[in-house]
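To start, the structure itself, in structure tokens.
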Amino acid sequence: MSINEIQDAIVEEFSVFDDWMDRYQQLIEYGKDLPPIDERKRTEQYLIQGCQSKVWLDAELHDGKIYFTADSDAIITKGIVALLIKVLSGRTPDEILNADLYFIDKIGLKENLSPTRSNGLVAMVKQMRMYALAFKAKAE
């Protein structure tokens with residue numbers, strides 16, 4: 001599936017919920033399904049700056065594609081990073097750098113998060129793109 005096909009599926013999945021409490025519950029479910037990050041990566045070095053809660057993010061390059069792992073100490077934030085991983089993991093650096101992450105607005109995520117969580121979301125996307133930029137530069 002392409003990045004946009006995955007985003008469309010997420011938008012469709014969230015569209016069945018009228019209530020934001022149900023959407024938060026869905027985010028929590030995504031967080032529960034997130035594979036655990038290696039304990040050795042739960043250090044300052046992997047913490048995303050700009051998040052109110054702790055979010056650890058790592059990326060590895062395999063066969064030209066980036067695979068992300070992450071964890072958070074907050075259940076909603078863990079769900080948000082799980083959604084981002086669902087969309088961006090297993091992609092090339094260029095795909096990540098050029099992705100228009102429209103699902104964030106379409107499911108109403110940004111407007112229904114507190115300002116600090118919204119800043120955290122922006123910081124997560126920025127960090128994922130920084131990894132993509134670094135891997136791209138290394139390959140060139």
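Just so it is clear, the model here is predicted, and its values are computed rather than measured. The analysis underlying the following values was restricted to heavy atoms, covering all of them including side chains, and did not include hydrogens, waters or symmetry mates.
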Tyr46 versus Gln127, side-chain donor and acceptor atoms under 3.5 Å: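 Side-chain D/A pair, Gln127 to Tyr46: absent.
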Distance-only side-chain donor-acceptor flag, Gln7 / Asn4, under 3.5 Å: yes
Test salt bridge (Lys or Arg N to Asp or Glu O under 4.0 Å) applied to Arg40 and Asp38, step by step: CA-CA 5 Å; Arg40 294 173 297 199; Asp38 185 323; 2.6 Å; yes
If you define the side chain from C-beta out and look only at heavy atoms, does anything of [X] sit under 4.5 Å from [Y]?
X      : Y      : value
Ile3   : Leu88  : yes
Phe14  : Phe103 : no
Leu84  : Met128 : yes
Asp71  : Lys54  : no
Val122 : Lys110 : yes
Tyr30  : Ile75  : no

Worked verdict on Tyr102 versus Asp8 for side-chain hydrogen bond (donor to acceptor under 3.5 Å, both in side chains): CA-CA 9 Å; Tyr102 59 82; Asp8 291 343; 2.6 Å; yes
Least distance between heavy atoms, Ile66 atom then Ala132 atom: CD1-CA, 3.4 Å
Electrostatic pair Lys41-Asp58, nearest N-O below 4.0 angstrom: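 Yes.
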